[in-house]
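The structure under discussion appears below in the form of structure tokens.
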Amino acid sequence: MLEVVRPWSEHNPRITGEFARPAAIRDYLRRELTTLLGKGAAVTARPSRRALPFTDPEFFAALDEERFDLRAKKLFLFGPERMALSLDRLSHYCGTPAESFGRYVLFTNYAMHVEAFKERFPDAEGPARPDVQMPAWHHDGVSLVNIGVGPSNAKTVTDHLAVLRPDAMIMIGHCGGLRNHQRLGDFVLATSYLREDHVLDRVLPLTVPVIPNHRLNTFLLDALDERDARHRLGVVHTTANRNWEFNQATTLAAMQASRAVAVDMESATIAANGFRYRIPNATLLCVSDKPLHASPKLSASASAFYETSKREHLNIALSCVDRVRREHPNGLPSQDIRSPDEPLFGVE
């Protein structure tokens with residue numbers, strides 16, 4: 001257990017928290033506690049209560065997020081049982097120890113970005129076993145996870161990654177371009193999302209606006225401009241229906257009303273969970289097909305597109321990460337995803 005006493009806090013000078021496998025977030029803990037100590041806080045570590053094993057009947061109840069305050073200080077956002085299960089499941093789904101994940105996490109929905117990552121970083125750590133559901137690769141503080149296709153996987157992996165408190169999450173998948181003047185290979189930088197994935201509706205109502213982190217978007221936009229890469233900014237429509245083209249009316253009406261520029265199946269889910277768990281996030285997609293303009297995704301054209309786009313796409317994301325490291329070594333500001341009542345109610 002950690003106890004932090006902050007003399008500057010009028011309403012809540014004392015905050016406490018417990019951790020499972022603190023080695024998994026060692027760097028994060030060191031950075032946060034160093035900052036607190038530098039401001040004059042007193043930090044005390046002491047033995048915690050007995051850890052509940054996974055087989056304990058009380059373990060299940062302790063996982064319920066409705067029992068703890070998601071407005072809490074981000075250092076103490078998760079209980080130890082929730083943390084323990086997520087760390088175990090990260091290893092299961094991604095094939096690498098949770099301790100291997102870096103501060104910056106990239107998500108893709110195609111194996112081609114993994115190929116490009118391994119080409120650039122031949123010594124990257126990868127899964128210890130074959131056929132994992134969402135394989136992860138790690139190099140020098142950056143992790144790339146191939147989450148596959150669909151919002152369920154996107155929710156699953158971000159639910160668990162949140163306990164590691166990453167500094168940034170960036171989706172670098174593919175999308176369908178919805179505008180006539182887009183070309184295959186053009187980039188789309190999301191400015192907001194139409195959440196038609198529905199996997200988080202109960203815990204984050206659709207009335208809550210979700211937008212990318214402004215600084216991440218600025219860094220990504222600068223990287224696009226430096227390369228003179230064709231791109232559009234706008235709304236990304238995320239759907240749970242891979243075959244929405246077979247029942248078009250409702251989806252087309254939503255796309256037209258929102259003025260969406262792209263459609264995919266994961267971006268809004270990652271962004272919504274980033275908002276819930278206060279993790280800065282952004283989305284940079286690449287147009288792989290144009291379903292409204294007689295250019296559906298077909299195997300032959302897709303293969304050629306993937307080969308030419310994968311390295312540039314990854315390099316733009318990595319240049320953004322490098323800039324975050326240089327300019328925000330203590331983490332990106334996250335005031336836009338903090339609750340306005342935190343200071344008054346004792347969770348600042």
Side-chain angles (χ1 to χ4, degrees), residues 1-4 6 15-39 41 43-54 59 62-63 65 68-107 125 128 134 136-145 156-170 213 270 273-281 321 324-325 328-334 337-338 347-348:
M1 172 184 284
L2 284 179
E3 177 186 67
V4 179
R6 302 169 302 160
I15 55 177
T16 62
E18 300 171 300
F19 300 91
R21 286 170 57 185
I25 56 169
R26 177 185 288 109
D27 292 340
Y28 177 76
L29 283 173
R30 181 185 295 116
R31 187 182 75 190
E32 294 295 305
L33 295 177
T34 298
T35 300
L36 287 165
L37 288 167
K39 291 181 177 180
V43 179
T44 304
R46 58 173 58 94
S48 184
R49 60 178 170 81
R50 181 183 67 88
L52 295 177
F54 293 162
F59 188 89
L63 300 175
E65 290 185 352
F68 54 91
D69 190 351
L70 286 178
R71 302 170 307 162
K73 179 71 176 175
K74 60 183 180 179
L75 182 63
F76 301 136
L77 198 56
F78 297 99
E81 287 77 22
R82 167 75 160 78
M83 191 174 176
L85 185 64
S86 285
L87 294 174
D88 184 80
R89 287 192 174 174
L90 278 175
S91 299
H92 171 72
Y93 288 125
C94 299
T96 62
E99 288 80 358
S100 297
F101 277 83
R103 307 297 326 136
Y104 312 97
V105 183
L106 309 179
F107 300 105
E125 177 188 356
M134 291 178 276
W137 295 81
H138 316 282
H139 177 82
D140 190 28
V142 180
S143 296
L144 174 70
V145 186
T156 296
V157 73
T158 49
D159 278 348
H160 298 313
L161 273 170
V163 306
L164 297 177
R165 310 309 306 148
D167 283 356
M169 303 190 304
I170 304 176
N213 179 270
I270 291 170
N273 247 359
F275 179 87
R276 290 178 65 217
Y277 295 129
R278 291 157 53 184
I279 302 169
N281 62 86
V321 167
V324 173
R325 281 198 231 238
H328 299 280
N330 291 321
L332 286 158
S334 57
I337 46 180
R338 295 172 63 189
V347 289
E348 156 57 21

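Treat the numbers as computed from the prediction; the structure is a model and nothing was measured.
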Legend entry - Closest contact, heavy atoms only, Thr156 versus Met134: CG2-CE, 4.1 Å
Legend entry - Side-chain touch Arg82/Glu65, heavy atoms, less than 4.5 angstrom: yes
Inset, instruction - For residues Phe78 and Phe19, establish whether the separation of their ring centroids is below 6.0 Å. - result: no
Legend entry - Close side-chain approach of Ile15 and Leu2, heavy atoms under 4.5 Å: no
Inset, instruction - Supply the atom-to-atom distance Arg89 CZ to Leu87 CG, rounded to the nearest 0.5 angstrom. - result: 12.0 Å
Legend entry - Minimum side-chain heavy-atom gap Ile170-Tyr104 below 4.5 Å: no
Legend entry - Residue among His138, Glu125, His139 satisfying side-chain hydrogen bond (donor to acceptor under 3.5 Å, both in side chains) with Ser100: Glu125
Inset, instruction - Report yes if some heavy atom in the side chain of Arg325 is under 4.5 Å from a heavy atom in the side chain of Val142; otherwise report no. - result: yes
Inset, instruction - Please round to the nearest 0.5 Å and tell me the distance separating atom CD1 of Ile25 and atom CZ of Arg31. - result: 11.0 Å
Inset, instruction - Just do the side-chain contact (heavy atoms from CB on, under 4.5 Å) check on Arg46 and Glu3 with the steps written out, would you? - result: CA-CA 8 Å; Arg46 58 173 58 94; Glu3 177 186 67; 3.9 Å; yes
Inset, instruction - State, with a plain yes or no, whether a side-chain heavy atom of Val157 is found less than 4.5 Å away from one of Met169. - result: no
Legend entry - Value rounded to 0.5 Å, distance of CD in Glu81 from CG in Leu85: 10.0 Å
Inset, instruction - Taking the side chain as every heavy atom from C-beta outward, state whether Leu75 and Leu33 have any atom pair closer than 4.5 Å. - result: yes
Inset, instruction - Could you tell me which non-hydrogen atom of Ser48 sits nearest to which non-hydrogen atom of Met1, and how far apart they are? - result: CB-N, 3.6 Å
Inset, instruction - Provide the full list of salt bridge (charged side-chain N to carboxylate O under 4.0 Å, His left out) pairs with a residue in residues 17-30, sequence neighbours left out, each pair given once. - result: Glu18-Arg49, Arg21-Glu99, Asp27-Arg30
Inset, instruction - Test Val163 against Tyr277 for side-chain contact (heavy atoms from CB on, under 4.5 Å), laying out the working first. - result: CA-CA 9 Å; Val163 306; Tyr277 295 129; over 6 Å; no
Inset, instruction - Please tell me if the side chains of Val145 and Phe101 come closer than 4.5 Å, counting only heavy atoms from C-beta onward. - result: yes
Legend entry - Least distance between heavy atoms, Ile279 atom then Ala162 atom: CD1-CA, 3.8 Å
Legend entry - Inter-residue atom distance Asn330.CG - Asp167.CG, 0.5 Å rounding: 9.0 Å
Legend entry - Ser143 side-chain N/O to Val105 backbone N/O, donor-acceptor pair under 3.5 Å: no
Legend entry - For the student: nearest non-hydrogen atoms of Val4 and Phe76, plus distance: CG2-CZ, 4.1 Å
Inset, instruction - For Ser86 and His160, work out which heavy atoms get closest and say how close. - result: OG-ND1, 2.9 Å
Inset, instruction - With the side chain counted from C-beta on, respond yes when Phe107 and Asn281 share a heavy-atom pair under 4.5 Å apart, and no when they do not. - result: no
Legend entry - Nearest non-hydrogen partners of Pro333 and Asn213, listed with the distance: O-ND2, 3.6 Å
